[in-house]
J.: 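One structure, as structure tokens, below. Some questions next.
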Amino acid sequence: MILTIASIALIVAGLVFFLGAAVGLTRFPDFYCRTHAAGKGDTLSSLLVISGFALYQLGEVHDLSHGWPVLLVFLKLLAVIFFISLTSPTSTSTLADAGWEDGIDPTIEPGRENHLQEDCGKRRS
Amino acid sequence: MTSSFHDWIVPHFNAWVYVIIMMTGLWAVIAKNNLIKKLIGLSLFQTSILLLYVSLGVKEGAGIPIIDHEAAALAMSGSDDALNPDRFANPLPHVLMLTAIVVGVATLGVALALCQTIYRDFGTLEEDEVLEQMKTLHDDV
Amino acid sequence: MIVPFDILILIFLVVAAVISLCVKDLLAATMVFGAYGFLICLLWATMGAVDVAFTEATVGAGVSTVLFVATILNTRRKSTD
Amino acid sequence: MNAKLSATFAVVFTGAVLLYAVSDFPDFGDPRSPANHGVSGGAPSASVYYIKNAYHDTSVPNLVTAILADYRGYDTLFETVVIFTAGMAIFAILRVLRRDDSGIPAAPDPAIDGDHHRIVVGVTCRIAVPLVQIFALYVVAHGHHSPGGGFQGGVMLGASFILIALSTSLRHALGRLSETSFIRLACLGILIYAGFAFLPLVVGRNFLDYGALRALFGTDGEEMARSHGIFVVEIGIALTVTSVMFAIFANLSSRGRLHGGL
Amino acid sequence: MTFESFATGVGLALLLLMIPAVVRLVKGPTALDRIVAVNVIGTKTAVLLIVIGVVFRQVEMFVDFSLAYALLNFTGSIAAARYLHRAAQRGEETPTGKETN
Amino acid sequence: MTMSDHLPVLILLAPLFGAVAVGLFGMREPRVCLPVTLAALGVSLWCAVGILLRIHDEGPLDYFVAGWEKPVGIGIVLRADAINSPFLLVIAVVAIFAALFAVRPTGERESGKTPHFFILFLLLCTGLFGITITGDAFNLFVLVEVSALSSYGLIAIGRTKRCKVAAFHYLIMGTVGASFYLIGVGYLYLKTGSLNMRDIHDILVSNRSLFGSRTVQTAFLFILIGIWTKMAFFPLHGWLANAYSYCPSSSACLLAPLSTKASVYVMIRIMVSVFGLDQVEANAAWGDLVVWLAVIAIAAGSTLALAQREFKKMLCFLIVAEVGYMVGGAWLGDSGRWGLTGSVYHLLADATMTSCLFLAAGTFAKHLGVVRIDDLSGLFSRMPLASSGFVIGALAMIGVPPTGGFFSKFYLIRGAIDAGEWIYIAALLGSSLVNAVLFFRLFEIAFFGKNPVGFHREQGPIEVPSERLEPPFHVLAPLLGAAALVILLGVFNGPIVEFIRTALLDPVTIVSEAR
């Protein structure tokens with residue numbers, strides 16, 4: 001029961017973060033910010049939601065001798081968490097880098113133009 | 001109006017979407033000029049057929065077509081209800097569509113290879129330009 | 001079969017299909033086509049066609065997008081329509 | 001513009017014909033539709049037979065695998081042949097065998113020099129690729145009890161080689177699985193499938209009838225022999241699919257030269 | 001309320017939260033924006049597959065290909081990134097982010 | 001159970017194993033390709049003869065793959081009967097001719113691709129045998145794709161730029177056609193719950209209202225359109241001419257005679273075994289419409305053939321016209337089934353005579369470098385044997401007795417008279433006239449043309465000495481063999497037609513279970 005409540009709490013928390021990521025994806029001004037929102041928010045919230053389900057599965061294990069299939073599912077869910085946390089940030093960071101290669105300029109905050117322009121020039125050349 | 005909506009669209013919304021996607025794909029195959037766009041259209045067209053078939057095998061309130069441990073144990077003990085057809089989705093369309101997906105990938109690979117050779121020979125992927133060059137081609141046969 | 005999932009995914013599906021045909025940048029078009037693959041994999045899952053969904057997941061995520069991108073690398077990224 | 005108009009006309013016509021038939025369809029999800037249950041007043045449809053008997057006939061709980069590799073194994077044999085054909089067709093179309101080809105310079109091969117891509121993606125792939133491969137083997141082997149099987153596992157294995165190529169270079173990946181070896185493996189996969197399906201003919205049973213191979217597997221009943229037979233066949237599918245998927249990628253990404261490329 | 005109906009709700013919420021990603025897919029403006037949106041859809045798909053498994057009460061069947069999905073999801077993004085890297089290396093006209101549609 | 005019970009599956013396993021053997025050993029040692037191919041096709045030929053003899057003695061033959069016999073429709077059944085067994089034989093023979101012709105399939109420069117060529121060649125044969133012998137509607141689709149993918153490869157293996165574009169168009173059209181077929185099968189499955197042809201037929205017959213339902217009618221329409229796309233029926237013929245005339249001669253000799261004919265066979269098979277002749281003929285409006293379409297196809301094919309200057313292209317448009325003959329004949333719907341019989345017989349005759357003509361065209365292109373009709377002058381004095389083979393093929397195309405072409409037209413016209421389709425007869429005769437004009441013009445050039453002209457790759461047309469240039473034996477043998485086959489088909493038309501027509505007159509023997 002406690003596991004179920006904990007899992008529901010985790011899932012709801014994950015949904016909240018998903019909401020944040022979604023808002024960021026629509027509202028942020030430029031590509032890099034959106035990548036940031038999508039990458040971080042999505043990874044974290046996926047982890048939370050899946051771990052919520054994993055906890056629920058753990059709650060289904062009543063005794064270890066018969067519950068091993070469910071336990072296996074629990075372990076597989078942990079593996080999913082591991083893989084998402086491995087691959088999702090990789091792809092986001094590669095995409096941000098690729099955006100730079102593709103020539104997308106970040107939106108520059110007023111007052112910091114010089115600094116960024118210098119930086120951009122250095123890397124582009 | 002509403003009755004036709006309820007009779008014709010609501011119970012068959014999958015079929016409607018399949019027809020819409022099929023039309024989109026077929027339109028792209030015929031009307032798009034870029035060869036890769038044509039291929040995307042072709043893939044959409046093929047996927048829509050998968051949608052038709054898989055929709056056929058859906059049963060209200062049925063599970064996936066894999067016999068779980070309890071049902072298997074029951075079936076082994078001779079219980080007749082364990083393998084009630086209403087409990088499992090129709091597996092046959094799934095089998096057919098596995099084959100169709102494979103065929104789709106195979107066709108896509110060959111088509112992309114052809115695209116690359118066409119680009120190597122003509123320097124373009126736009127169909128009208130390719131056809132234009134074909135007319136003036138002096139090619140040994 | 002989970003009907004509300006089904007309807008939402010079908011709507012997304014049509015949107016993704018149309019977008020992948022409208023975008024002029026072929027790289028974007030093929031990636032959107034990849035998203036179409038993801039969505040259709042979800043659709044098979046909601047319809048209970050697990051094996052089809054599995055195949056679509058491996059093919060859509062692992063192979064077909066990569067093949068498209070490889071072809072675009074060797075040809076051209078822009079398209080006139 | 002004219003072409004687009006006529007295309008629109010043709011497509012709308014096709015769609016209209018299809019929709020005309022839609023009103024006649026059984027409802028979506030109807031368990032009593034002809035496909036799911038059989039024509040009213042007629043014999044039950046094949047799918048009812050499969051659900052009721054496939055487990056007894058083949059002792060494979062995954063009905064899709066049972067049908068795919070046994071009842072309709074003949075289809076699946078040719079599905080594998082389709083993949084093999086595609087691989088061979090791509091070789092025939094794209095592979096450049098001459099050295100001096102048309103002057104387009106090949107991209108330099110070890111092109112990712114010490115930057116972001118190599119480090120981040122390289123490390124991730126180094127972790128992920130063995131896991132993908134192990135998991136793919138699990139999928140091939142576990143297709144009897146859960147979704148999966150030769151085709152899915154084969155695509156995953158092929159994708160793992162594609163990942164190697166994407167994170168390092170094509171040459172590196174070809175070092176693991178060279179051109180001659182993947183053509184041989186593709187042929188071997190077909191040979192395993194078709195040859196194994198041919199064995200029952202020797203003992204006087206029909207093509208693909210694995211039940212006849214009871215003695216070979218040393219099982220008691222025919223259904224366990226079928227189960228083992230399905231497994232052998234899945235291995236054949238996986239071999240062909242793995243090698244052909246990677247072959248298609250290798251050819252497409254390097255324009256048939258098998259060096260340079262994506 | 002059973003856990004399955006809760007999971008249905010979660011799935012619906014996830015699908016609704018997919019709408020912003022689809023909007024990003026429609027609006028662009030650059031190719032990379034679309035690719036990021038595709039990535040988001042991909043991650044959500046991996047989660048949704050598990051949710052669907054819970055709704056069907058057969059998570060053990062669905063977790064397998066969620067796993068496969070999580071492993072292969074980034075292939076497409078890596079290929080796209082690799083493509084852009086190659087294109088920049090070859091010094092081709094890099095279509096910049098300004099370009100719409 | 002002896003080995004001869006397994007002939008229906010052995011016939012296509014032989015080329016499949018052959019392809020695998022070429023893949024395993026031919027890559028390193030290209031010299032083994034041709035012997036392996038010939039051996040595999042030889043086994044197929046032996047199987048085809050065996051099947052034909054068995055059917056002649058015992059009636060239709062069913063083969064239940066994996067032994068799933070009961071209940072009907074759970075497994076896949078292979079079925080050999082009077083309609084397809086002669087066609088199997090023709091496929092095997094024509095494929096052997098094409099393999100002999102293709103000793104160096106892709107020319108000197110691309111000789112590294114010889115094993116690829118032979119693998120695709122054998123896979124195409126596998127697909128064609130499979131299409132012909134299967135009794136399952138979905139399995140047909142898979143095999144159609146096997147043959148289609150291998151033919152894309154065979155077309156694009158050539159060196160020219162044009163063949164790539166032609167292959168691409170063929171791929172698009174072929175895939176769309178196959179997908180339409182798949183939609184049709186899906187609709188049928190939706191209404192009948194079965195994929196087995198005989199099972200579908202039984203359900204449709206026992207449930208008359210089903211055949212008239214919207215879904216089944218749409219299914220019929222889509223299956224027909226899909227197959228028509230595959231066989232290049234007139235408005236859908238766009239891909240054919242380029243694909244068959246720009247591909248390497250070695251590929252054309254296999255593709256042109258067999259691919260379209262296999263699709264025509266599929267149409268007849270669907271009409272006979274899935275929907276049932278009685279139901280198809282009950283809808284007279286459909287039949288009239290299709291015969292009209294066929295008439296248009298014949299007229300268009302002949303007209304377009306008149307306009308061509310390239311020899312192979314002209315032959316391609318003649319194929320379009322011939323497809324019109326067969327479709328029209330199959331839909332005549334006369335009570336004596338002469339039209340349908342003529343169609344099936346024309347299938348055989350046309351396969352052999354197209355094979356003969358394309359072998360001749362390939363020989364001229366390969367050994368004289370001639371592709372245009374006008375450059376054929378002085379041909380007879382230089383290649384007397386080869387050109388006599390060509391003359392026989394051409395006469396069959398025109399419809400001169402005693403070749404197979406004459407008798408097939410005879411039966412088609414007989415059916416048309418019975419059905420009262422005078423316009424079809426007019427189209428048939430008109431098209432024969434056009435063929436006569438075309439080929440006699442060609443004979444005239446080839447016989448009386450003054451300065452023999454060759455075609456050099458770099459220098460264009462050049463004068464060549466008019467000494468004898470007879471092609472080598474491995475090219476001459478298939479050409480003369482095909483010519484002999486054309487005449488044999490004509491001479492023995494009586495028993496062949498009797499064999500086919502007996503089966504067609506009593507479709508129950510074709511459709512229902514073999515003993």
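Order of the sequence lines sets the chain letters (A, B, ...), proteins ahead of strands, with each chain counted from 1.
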J.: Of the non-hydrogen atoms in D/Ala7 and B/Trp27, which two are nearest, and what is the gap between them?
T.: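 Scanning both residues completely, I find the closest heavy atoms to be C-CD1, 4.1 Å.
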J.: Please classify the contact of D/Phe25 with chain B as side chain, backbone, both or neither, using a heavy-atom distance under 4.5 Å.
T.: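 Interface part for D/Phe25: both.
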J.: Which distance, rounded to the nearest 0.5 Å, do you find between the OG of D/Ser59 and the CD1 of B/Ile67?
T.: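 Spacing of OG (D/Ser59) from CD1 (B/Ile67) equals 10.5 Å.
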J.: Taking all atoms of both residues into account, what is the closest heavy-atom pair of B/Arg120 and D/Arg255, and its distance?
T.: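 Heavy-atom minimum between the residues: NH1-O, 3.6 Å.
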J.: Roughly how far apart are D/Arg32 CZ and B/Glu60 CD, rounded to 0.5 Å?
T.: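 Taking CZ in D/Arg32 and CD in B/Glu60, the distance rounds to 12.5 Å.
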J.: Quick check on the interface: out of D/Leu252, D/Val64, D/Ile67, D/Asp27, who has the most heavy-atom pairs with chain B under 4.5 Å?
T.: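 Option with the top pair count is D/Leu252.
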J.: Look only at the side chain of B/Asn90 and the backbone of D/Ala35, and say whether a donor-acceptor pair between them is shorter than 3.5 Å.
T.: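 Judged by distance alone, yes, a pair lies under 3.5 Å.
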J.: CG of B/Leu56 to CG of D/Asp30: how many Å apart, nearest 0.5 Å?
T.: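 CG of D/Asp30 is found 11.5 Å from CG of B/Leu56.
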J.: With the side chain counted from C-beta on, respond yes when D/Leu68 and B/His94 share a heavy-atom pair under 4.5 Å apart, and no when they do not.
T.: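 The answer is no; the side chains never approach within 4.5 Å.
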J.: Quick one, B/His12 with D/Asp24, criterion side-chain contact (heavy atoms from CB on, under 4.5 Å). Give me CA distance, side-chain angles, the key distance, then yes/no.
T.: CA-CA 10 Å; B/His12 311 299; D/Asp24 195 31; over 6 Å; no
J.: In terms of heavy-atom pairs under 4.5 Å, which option from D/Val82, D/Ile90, D/Val48 contacts chain B the most?
T.: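 That would be D/Ile90.
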J.: Nearest 0.5 Å, please: how far is CG in B/Leu98 from CD in D/Glu79?
T.: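 One finds 6.5 Å between CD of D/Glu79 and CG of B/Leu98.
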J.: Taking it one step at a time, do D/Arg72 and B/Leu92 satisfy side-chain contact (heavy atoms from CB on, under 4.5 Å)?
T.: CA-CA 9 Å; D/Arg72 296 189 73 86; B/Leu92 186 53; 3.7 Å; yes
J.: Hey, can you pull the donor-acceptor pairs under 3.5 Å for the side chains in residues 100-115 of chain B, sequence neighbours left out?
T.:
| unit_1 | atom_1 | unit_2 | atom_2 | d |
| --- | --- | --- | --- | --- |
| B/Thr107 | OG1 | B/Val103 | O | 2.6 |

J.: Is it the side chain or the backbone of B/Ile64 that comes within 4.5 Å of chain D heavy atoms, both, or neither?
T.: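 When you check distances to chain D, no heavy atom of B/Ile64 falls under 4.5 Å.
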J.: Among B/Val29, B/Thr24, B/Thr99, single out the residue with the greatest number of heavy-atom pairs under 4.5 Å to chain D.
T.: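 Max contact count across the listed options: B/Thr99.
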J.: Between B/Thr117 and D/Leu94, is any pair of side-chain heavy atoms under 4.5 Å apart?
T.: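 With C-beta onward as the side chain, the pair touches.
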J.: Does any heavy atom of chain B fall under 4.5 Å from the side chain of D/Thr76, the backbone, both, or neither of them?
T.: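 For D/Thr76, there is no contact with chain B at all, as no heavy atom is under 4.5 Å.
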J.: Looking at side-chain heavy atoms only, is the closest gap between D/Thr14 and B/Met22 below 4.5 Å?
T.: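 When only atoms from C-beta onward are counted, B/Met22 and D/Thr14 do touch, with a gap below 4.5 Å.
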J.: Tell me, do B/Asp68 and D/His145 make a side-chain contact under 4.5 Å, heavy atoms counted?
T.: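 The answer is no, as the side chains (C-beta and beyond) never meet within the 4.5 Å cut-off.
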J.: Can you tell me how far the NZ atom of D/Lys52 sits from the CG atom of B/Leu83, to the nearest 0.5 Å?
T.: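 Reported value, rounded in 0.5 Å steps: 8.5 Å.
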J.: Of all of D/Met245, D/Gln152, D/His56, which one pairs up most often with chain B through heavy atoms under 4.5 Å apart?
T.: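 Greatest number of close heavy-atom pairs with chain B: D/His56.
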J.: Kindly determine whether D/Ile51 and B/Arg87 satisfy side-chain contact (heavy atoms from CB on, under 4.5 Å), including the steps that lead there.
T.: CA-CA 9 Å; D/Ile51 294 172; B/Arg87 284 192 51 210; over 6 Å; no
J.: Heavy-atom cut-off 4.5 Å, strictly under: side chain, backbone, both or neither for D/Pro26 against chain B?
T.: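 Contact with chain B: backbone only.
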J.: Need one label for B/Tyr18: side chain, backbone, both or neither, based on atoms under 4.5 Å from any heavy atom in chain D.
T.: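 For B/Tyr18, side-chain heavy atoms alone lie under 4.5 Å from chain D.
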J.: Ignoring hydrogens and geometry, is there a side-chain-to-backbone donor-acceptor pair from D/Asn36 to B/Val58 under 3.5 Å?
T.: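 Yes, D/Asn36 side chain to B/Val58 backbone: donor-acceptor pair under 3.5 Å.
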J.: Between B/Ile21 and chain D, which part of the residue has a heavy atom less than 4.5 Å away: side chain, backbone, both or neither?
T.: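 Looking at B/Ile21, nothing touches chain D.
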J.: Under a 4.5 Å cutoff for heavy-atom pairs, which residue among D/Pro31, D/Ala10, D/Pro34 has the most contacts with chain B?
T.: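 Of the candidates given, the most pairs with chain B belong to D/Pro31.
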J.: How many angstroms lie between CH2 in B/Trp16 and CG in D/Leu18, if you round to the nearest 0.5 Å?
T.: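 Rounded to the nearest 0.5 Å, the CH2-CG separation comes to 11.0 Å.
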